[in-house]
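Notes to accompany the following structure.
Everything quoted here is computed from the prediction, not taken from an experiment. Chain identifiers are assigned alphabetically (A, B, ...) following the order of the sequence lines, protein sequences preceding nucleic acid strands; residue numbering begins at 1 within each chain. Computation of the quantities below employed the complete heavy-atom set of this structure, encompassing side-chain atoms and omitting hydrogens, waters and symmetry-equivalent molecules.
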Amino acid sequence: MSKTLIRGAKVLGGEPQDVLIDGAVVEAVGRNLSAEGAEVVEADGKVLLPGLVDLHTHLREPGREDSETVLTGTRAAASGGYTNVFAMANTFPVADTAGVVEQVWRLGQESGYCDVQPIGAVTVGLEGAKLAELGAMHESAAGVTVFSDDGKCVHDAVIMRRALEYVKAFGGVVAQHAQEPRLTEGAQMNEGVVSAELGLGGWPAVAEESIVARDVLLAEHVGSRVHICHLSTAGSVEIVRWAKSRGIDVTAEVTPHHLLLTDELVRSYDPVFKVNPPLRTERDVMALREALADGTIDIVATDHAPHPHEDKDCEWAAAAMGMVGLETALSVVQATMVDTGLLDWAGVADRMSFKPAQIGQATGHGRPVSAGEPANLTLVDAAYRGQVDPAGFASRSRNTPYEGRELPGRVTHTWLRGKATLVDGKLT
Amino acid sequence: MQRHLISAADLTRDDAVLILDTAEEMARVADRPIKKLPTLRGRTVVNLFFEDSTRTRISFEAAEKRLSADVINFTAKGSSVSKGESLKDTAQTLEAMGVDAVVIRHSASGAPYRLATSGWIDAAVVNAGDGTHQHPTQALLDAFTMRRRLVGRDAGLGKDLDGRRITLVGDILHSRVARSNVDLLHTLGAEVTLVAPPTLLPVGVETWPCEVSYDLDSTLPKSDAVMLLRVQRERMNAAFFPTEREYSRRYGLDGDRMAKMPDHAIVMHPGPMVRGMEITAEVADSDRCTVVEQVTNGVSIRMAVLYLLLGGNEPAVSHARPTEEK
Ligand SMILES: [Zn+2]
């Protein structure tokens with residue numbers, strides 16, 4: 001097997017070291033390692049991180065191959081430094097059977113750019129009424145451990161309770177998209193000062209917070225683990241903080257866009273800023289950053305949601321919700337967390353690789369950069385500054401809210417089990 | 001003036017006063033035997049209505065024809081919300097036909113803003129009402145009506161509404177008329193009070209440049225104009241208020257309540273009125289009620305807006321001769 005020597009990389013942001021990859025594993029980490037028989041990559045002070053893990057990706061296949069496929073989505077993932085993504089279940093057909101999750105899993109295997117771990121639906125057809133065959137999906141080749149109706153909330157309290165209980169039998173976790181449906185009928189954006197002015201239907205913070213509060217209490221009552229998707233409000237942060245202090249087994253994620261953007265951007269009526277949960281206020285953004293820094297929020301997850309051009313090139317009310325995120329996530333986290341001094345690179349590795357792998361029980365991912373570990377690695381040029389140009393995206397879709405925005409950092413190399421998937425910013 | 005008229009909030013005090021003054025000139029034309037001006041001859045204006053509103057469309061059409069514009073009416077019923085591409089497609093079709101101005105009515109808030117800023121089209125865009133966002137020509141015609149009645153037709157020229165106390169009553173939450181009026185009346189120096197049950201006020205209203213009250217009776221004696229907004233009966237089903245009867249008991253304007261208003265105070269309504277709900281027939285038919293004048297003034301205001309957006313810097317009326325058309 002081939003060898004690669006990454007020379008002078010700041011492993012997790014520390015002092016420069018050499019990292020030798022032999023085949024699929026990290027052979028050695030240290031100073032002045034021999035380059036003999038190895039291809040050399042001069043890291044030149046770039047930051048080396050464990051391959052990133054995204055617990056929340058929409059790959060759209062099967063059903064919406066016009067916006068993304070497993071192949072294009074995993075290429076986008078490799079471009080963004082990811083080696084493992086969890087594919088959400090809201091496809092057509094819905095990933096609510098062993099057959100569909102195995103199909104997605106197999107497509108991931110074939111892509112070769114990034115491991116794909118399918119997420120199974122909690123309820124049949126995401127309809128919130130009847131439990132899907134969670135056990136069968138777990139026992140399938142896809143080995144599903146994370147279940148979510150994402151896109152929709154498991155709003156029925158009894159169904160949610162049963163799901164939380166049921167998956168304990170095989171160590172699964174339910175990832176909740178927290179959105180009280182009645183409070184968000186016709187919702188178009190965050191409810192507040194801006195929605196009042198723009199005349200767009202409001203998505204109140206309480207619609208998220210009431211479900212987060214209910215679900216942490218349910219998890220406590222039945223002694224289960226619960227994961228909350230894309231926390232977006234300061235109030236949700238307080239509830240999760242309280243739940244953790246009480247010993248409730250809850251984990252939570254935040255998206256890059258909720259760490260950076262606010263509902264003020266909706267004043268443009270440009271649907272590229274339309275997303276669910278919606279962009280909130282500056283106060284929420286600051287609370288989310290602080291919570292990610294202090295560990296109240298465990299991980300960053302992209303909620304990468306590709307949409308074809310025509311679904312965004314229209315009036316706000318008609319537009320689809322969601323934004324692509326795999327290829328800009330690390331840059332946004334650097335801008336909002338690292339460059340602001342809230343998190344160091346070891347913290348980034350924790351929030352974007354170790355912890356998400358742990359929550360999703362991903363094997364071989366989210367491991368330390370040390371000898372004997374799988375060589376899932378990503379090399380970041382943290383000194384880079386550049387404008388986001390969606391024309392260069394590997395994703396099939398271009399619906400990024402960052403077009404033209406200057407962001408720091410660039411992933412130059414990604415290795416999946418020792419095989420380079422990205423070299424000098426180009427997919428292999 | 002800007003190139004488009006999207007929101008009343010975009011108008012400066014001087015812009016707004018200029019529009020009101022120009023509308024007075026336009027109103028004088030309406031008193032002539034020949035009501036037409038040649039100002040927009042050879043210019044094409046499209047009335048692009050994605051939402052039914054015969055009243056507003058006819059008002060714009062009358063204004064356009066009095067300015068001698070070529071008028072195209074385009075009604076896309078069934079709305080584009082389910083099929084968003086059609087706004088862009090339609091816009092580009094119109095662009096290809098070389099239209100000079102698009103008057104757009106749309107059920108989606110922000111659709112006119114999108115049309116004006118997305119690069120789909122070069123024409124001037126006039127917002128004729130978008131979702132629950134804005135309806136700037138309605139606010140202008142309301143301000144015009146107030147200035148005439150409260151300041152005077154000639155005395156008002158060059159003036160704003162400084163210190164006038166204006167009360168808006170009803171469904172503020174779902175009202176583009178309320179949003180536009182709050183913005184414009186504030187710009188013109190008026191003191192605005194919104195009166196509604198708390199369910200029909202938007203979260204965030206506390207940041208608007210106006211007062212908010214839940215009590216109509218205490219507000220009436222301090223009002224120079226009371227504007228009633230339409231309350232749709234179906235709101236009742238979404239628990240915004242219990243019954244029609246309770247709504248009209250607490251927020252409807254009847255003869256007894258009207259008597260609490262100062263003698264000079266006027267009653268306004270953007271129409272169409274729900275008689276018996278927000279306004280009794282007695283009030284609607286009284287001479288303090290300006291509903292019919294508002295309709296007339298709407299044409300003058302829309303002429304003024306189109307003239308100022310499309311007519312360049314030439315004076316509207318003084319140099320203009322009646323057209324040769326007989
Ligand atoms: Zn979601």
Problem set entry | Side chain, backbone, both or neither of B:Ser118 within contact of chain A (heavy atoms, under 4.5 Å) | neither
Exercise. Can you list the residues that meet the ring-ring contact (aromatic ring centres under 6.0 Å, His included) rule with B:Tyr251, with sequence neighbours excluded?
Worked result: B:Tyr247
Problem set entry | Nearest-0.5 Å distance, CD1 of residue B:Ile6 to OH of residue A:Tyr269 | 10.0 Å
Seminar exercise, completed: Sorted by chain and number, sequence neighbours left out, side-chain contact (heavy atoms from CB on, under 4.5 Å) with A:Val285 holds for A:Thr262, A:Arg289
Problem set entry | Donor-acceptor under 3.5 Å (B:Arg179 side chain, A:Ala196 main chain) | yes
Seminar exercise, completed: chain A shares the most heavy-atom pairs under 4.5 Å, among B:Ala111, B:Ser7, B:Ser109, with B:Ser109
Problem set entry | Flag if over 12 foreign heavy atoms under 6.0 Å of CD, A:Glu403 | no
For this session: Answer yes or no: does atom CD of B:Glu95 have more than 12 heavy-atom neighbours from other residues, nucleotides or ligands under 6.0 Å?
Result: yes
Seminar exercise, completed: Residue from B:Arg114, B:Gln134, B:Glu206, B:Arg176 scoring the most non-hydrogen pairs under 4.5 Å with chain A is B:Arg114
For this session: Flag yes if more than 12 heavy atoms outside B:His174 fall under 6.0 Å of its NE2 atom; otherwise flag no.
Result: yes
Exercise. If you round to the nearest 0.5 Å, how far is CD of A:Gln188 from OG1 of B:Thr132?
Worked result: 9.5 Å
